[in-house]
Amino acid sequence: MQRLSGFSVSRARDVKNALLFNSFHTQHTFSTAAAESTQESSVGRKFASYTIFKGKAALQAYPILPKFCTTSSGFSRMEKNGVVMLVFWPAIGTRKYDWEKKQYFALSPTEVGSLVSLGPSDSCEFFHDPSMKSSAEGQIKKSLTIAPANGQSGYYANLSVMNNLTKTNERLTVAITKAEFSVLRTACSYVLPHIMGWDQVIGQEKQTQPKPGVDRPHPEFEWSR
């Protein structure tokens with residue numbers, strides 16, 4: 001699979017700026033369960049993603065940390081799991097992509113586990129309904145399939161979005177090489193305990209645990225040797 005360079009996005013000539021703009025507005029904002037707007041301060045925040053550009057579409061992945069809340073007793077508990085957000089957007093020409101037609105798919109911790117455990121000949125499929133348990137349930141259905149490419153040269157990530165409201169059915173496919181999938185797998189394995197909030201729990205315990213005391217000999221011990 002040939003790599004592309006020097007890409008441009010519709011209405012945005014600089015892809016790097018477009019990706020940064022997207023991260024700024026979507027981090028802690030989008031999920032496939034609900035699209036919630038937040039007003040958290042972005043001062044000092046850091047954003048990082050992994051993006052794969054291909055001829056028919058592009059794929060971006062980045063982590064969203066879990067949300068914690070403080071209980072009446074003063075303890076913090078996890079209110080919402082974090083996710084690994086996947087963003088697909090279609091190509092509209094040679095080295096050009098339409099960022100306004102992006103589609104989101106949030107991988108839960110269990111779905112991340114399915115992805116990182118894929119073997120060379122394995123595949124996995126996930127189904128999401130962004131409006132589940134609401135009056136609009138079933139209006140939008142998303143399906144993500146990750147399947148091995150022919151000759152075990154990598155994988156194909158296929159996203160299908162059926163929208164009964166707009167009467168559309170979009171399909172986006174991104175070919176992922178072995179090297180690209182290795183990066184994606186390693187990154188997801190690393191971030192898994194973070195989106196579960198376990199790193200914050202362990203880090204907090206380390207801070208609250210008393211430091212082991214140093215067994216110092218009595219000053220007279222040196223003279224009595």
Atom of [X], atom of [Y] and distance for their closest heavy-atom approach:
X	Y	value
F127	S143	CE2-OG, 3.6 Å
W89	K102	CB-CA, 3.9 Å
P148	P120	CB-O, 3.3 Å
A48	P63	O-CD, 4.1 Å
S160	N169	OG-OD1, 3.5 Å

> Applying ring-ring contact (aromatic ring centres under 6.0 Å, His included), which residue pairs with at least one partner in residues 134-155 are found, sequence neighbours left out?
Replying inline: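 Every ring-ring contact (aromatic ring centres under 6.0 Å, His included) pair that includes a residue of residues 134-155, provided the two are not neighbours, is Y155-F181.
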Is it true that a side-chain atom of [X] and a backbone atom of [Y] form a donor plus acceptor pair closer than 3.5 Å?
X	Y	result
Q139	A136	no
D129	G138	yes
T186	S182	yes

Are any non-hydrogen side-chain atoms of [X] and [Y] less than 4.5 angstrom apart?
X	Y	answer
V87	W99	yes
K56	V174	no
E180	K54	yes
L144	L86	yes
V161	I140	yes

Interatomic spacing from [atom1] in [X] to [atom2] in [Y] - rounded to 0.5 Å:
X	Y	atom1	atom2	result
M78	C69	CE	SG	10.5 Å
I146	N158	CD1	CG	9.0 Å
S131	K141	OG	NZ	12.0 Å
K101	I92	NZ	CD1	8.0 Å
L172	L159	CG	CG	5.5 Å
N81	I195	CG	CD1	7.0 Å

> Can you pull the side chain to side chain donor-acceptor pair (under 3.5 Å) pairs that have at least one residue in residues 188-198, sequence neighbours excluded?
Replying inline: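 Only H194-D199 qualify under side chain to side chain donor-acceptor pair (under 3.5 Å).
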> Under a 4.0 Å N-O cut-off, is there an ion pair linking K142 with E170?
Replying inline: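 A salt bridge is absent here (no side-chain N lies under 4.0 Å from a carboxylate O).
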Could you go through residues 107-119 and list every donor-acceptor pair under 3.5 Å that involves a side-chain atom there, pairing it with any protein atom two or more places apart or in another chain?
{"residue": "S108", "atom": "OG", "partner": "E111", "partner atom": "N", "Å": "3.3"}
{"residue": "S108", "atom": "OG", "partner": "E111", "partner atom": "OE1", "Å": "3.4"}
{"residue": "E111", "atom": "OE1", "partner": "S108", "partner atom": "N", "Å": "2.9"}
{"residue": "E111", "atom": "OE1", "partner": "H128", "partner atom": "NE2", "Å": "3.3"}
{"residue": "E111", "atom": "OE2", "partner": "H128", "partner atom": "NE2", "Å": "2.8"}
{"residue": "S114", "atom": "OG", "partner": "T110", "partner atom": "O", "Å": "3.4"}
{"residue": "S117", "atom": "OG", "partner": "G113", "partner atom": "O", "Å": "2.9"}
{"residue": "S117", "atom": "OG", "partner": "S114", "partner atom": "O", "Å": "3.1"}

>> Checking E79 now: which residues fulfil salt bridge (Lys or Arg N to Asp or Glu O under 4.0 Å) with it, not counting sequence neighbours?
In response: K67
> When the ring centroid of Y97 is compared with that of F53, is the distance short of 6.0 Å?
Replying inline: yes
>> For a quick check under 3.5 Å, do S134 and E137 share a side-chain donor-acceptor pair by atom type?
In response: no
> Quick one: side-chain contact (heavy atoms from CB on, under 4.5 Å) partners of T166, sequence neighbours excluded?
Replying inline: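 So T166 forms a side-chain contact (heavy atoms from CB on, under 4.5 Å) with N163, T168.
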> Taking only residues two or more places apart in sequence or in another chain, which ones pass side-chain contact (heavy atoms from CB on, under 4.5 Å) with V183?
Replying inline: Y50
